[in-house]
Amino acid sequence: MKLVKPCAIRLVYRWLLVLVVAALVVHGCSNDDAAPDDVGLADAAGVEPGPDPAEYTQQVVQAAIDMYESSGLDAAVAHYSDPASIDGQWYVFIIDGDGALLAHYQPERVGQSLHGWIGTDINGYEFGPEMMSADHNGKWVPYVFTNPAEGVLDDTAELAFELKNAWVVRHDGLLFGSGWYISAEEFLPELIAEAAKHYRSGGLEATLAFYNNPQGISAGLETAVRYYNSTDTVDGYFTGIIAADDGEIVSHIDPAIIGTAIEDLLGPAVSKATPEGTWITAEDNDPGAGGPDTMRVWLVDVDGTLIGGGWYTPNGTP
């Protein structure tokens, strides 16, 4: 996915593929490659790490809250401001009630406000207000940020920035957060599989209720995807799709497409969908200059209902 770059670092934006699902994001996705190390932030507090990065992230945040409760704010700030506290891709940040960053492993950020530059990602998405709206129940806030597990990268490096899902909890007026980074090519099929499972158990109504769970990872993704789809930060757009068994699209990020036929959107390739899911690539039947427009979608057939997510690329842009 080609980027309009706001700085010298070349961003490889395949990580933002996860935004294609808009609200189609699952809390309990397994991702063995993202499993934490044997001893990490949560483990140090007596929490056993597991293969689920979302669950482990929540445990890391709870461990930080527990440290604050047992040792006080100064001790927690000192601990999580030390780069030695980084556990692979996981680290903790602490924010005060006004949005000022109290603890972060990057010292130049400490003291800065979420209402300023640190609350805006490198592509212009303002995630600060989303974080500030978190309550004691916690919420997921996605944005693009550097992954400390990748090490220090120079201005010519690729993959310096990745899509991060941060879990943020308000406690005693403070915000405690941590996050994990997504490999979208592996993650998207897991997301759609989970969506299909909810559809099988409770139909469309239950599936949409699951997507809209304010404590689910999906919370915030719709806001982010609408930002990216409304700007020229990336070519094309991201989407999630649900089509009824008669082929009518009943859910899509673009309201104008709801009610149309999925075969009109994706072509005859939709017939390749299986209960296990498969990637399909469709081309616009009336492409503009510069080559065909394409849509790549992971599509699952749930007893005739098609559930998928993918991205649209104009004029065949890779």
Side-chain angles (χ1 to χ4, degrees), residues 1 16-30 54 140 142 163 165 182 184-230 236-285 293-313:
M1 187 69 67
L16 272 177
L17 173 59
V18 71
L19 291 179
V20 302
V21 293
L24 310 186
V25 183
V26 55
H27 165 70
C29 175
S30 174
W140 291 99
L163 180 66
N165 265 319
I182 297 171
E185 287 282 351
E186 301 169 0
F187 193 50
L188 182 59
E190 295 282 354
L191 300 180
I192 303 304
E194 188 70 16
K197 183 179 75 174
H198 282 268
Y199 187 88
R200 289 187 180 99
S201 64
L204 180 61
E205 183 177 352
T207 305
L208 294 178
F210 171 74
Y211 297 155
N212 293 326
N213 175 9
Q215 271 68 57
I217 297 178
S218 60
L221 277 179
E222 184 172 2
T223 302
V225 76
R226 290 190 185 279
Y227 168 80
Y228 286 109
N229 284 351
S230 66
Y237 66 86
F238 310 99
T239 188
I241 302 171
I242 301 177
D245 55 10
D246 63 358
E248 179 183 350
I249 296 174
V250 297
S251 179
H252 193 279
I253 193 67
D254 182 354
I257 291 178
I258 296 175
T260 64
I262 191 169
E263 189 165 340
D264 290 343
L265 180 67
L266 300 180
V270 297
S271 64
K272 298 179 181 179
T274 67
E276 294 76 27
T278 187
W279 287 107
I280 69 167
T281 301
E283 293 189 353
D284 191 337
N285 292 324
D293 296 346
T294 62
M295 175 78 84
R296 187 168 186 244
V297 177
W298 179 263
L299 202 60
V300 175
D301 185 334
V302 187
D303 300 326
T305 294
L306 299 179
I307 301 177
W311 69 99
Y312 164 87
T313 306

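All figures in this text were calculated on a predicted structure; none of them were measured in a lab. Side chains included, hydrogens not; waters and symmetry mates left out as well; all remaining heavy atoms used.
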Nearest heavy-atom approach of Ala244 to Val250 is CB-CG1, 4.2 Å
Please find the pair of heavy atoms, one from Arg200 and one from Val302, that lie closest to each other, and give the distance. CG-CG1, 3.3 Å
Candidate pair Ile242 and Thr305, rule side chain to side chain contact (heavy atoms under 4.5 Å, CB included), full reasoning: CA-CA 7 Å; Ile242 301 177; Thr305 294; 4.1 Å; yes
Measuring from atom OH of Tyr199 to atom CD1 of Ile307, what distance do you get when rounded to the nearest 0.5 angstrom? 7.0 Å
Can you tell me how far CD of Glu248 sits from CD1 of Ile262, rounded to the nearest 0.5 angstrom? 11.5 Å
Donor-acceptor contacts under 3.5 Å from residues 267-278 side chains, at least two apart:
from	atom 1	to	atom 2	distance (Å)
Ser271	OG	Pro268	O	2.8
Thr274	OG1	Glu276	N	3.4
Thr274	OG1	Gly277	N	3.0

What are the two closest non-hydrogen atoms of Asn165 and Pro142, and how far apart are they? OD1-CB, 3.4 Å
Of all the heavy-atom pairs spanning Trp140 and Ala54, show the shortest one and how long it is. CH2-O, 3.6 Å
Pair Leu265, Ile241 - check side chain to side chain contact (heavy atoms under 4.5 Å, CB included), show working. CA-CA 10 Å; Leu265 180 67; Ile241 302 171; 3.9 Å; yes
Contacts of Thr260 that satisfy side-chain contact (heavy atoms from CB on, under 4.5 Å) - sequence neighbours left out: Ile249, Ile257
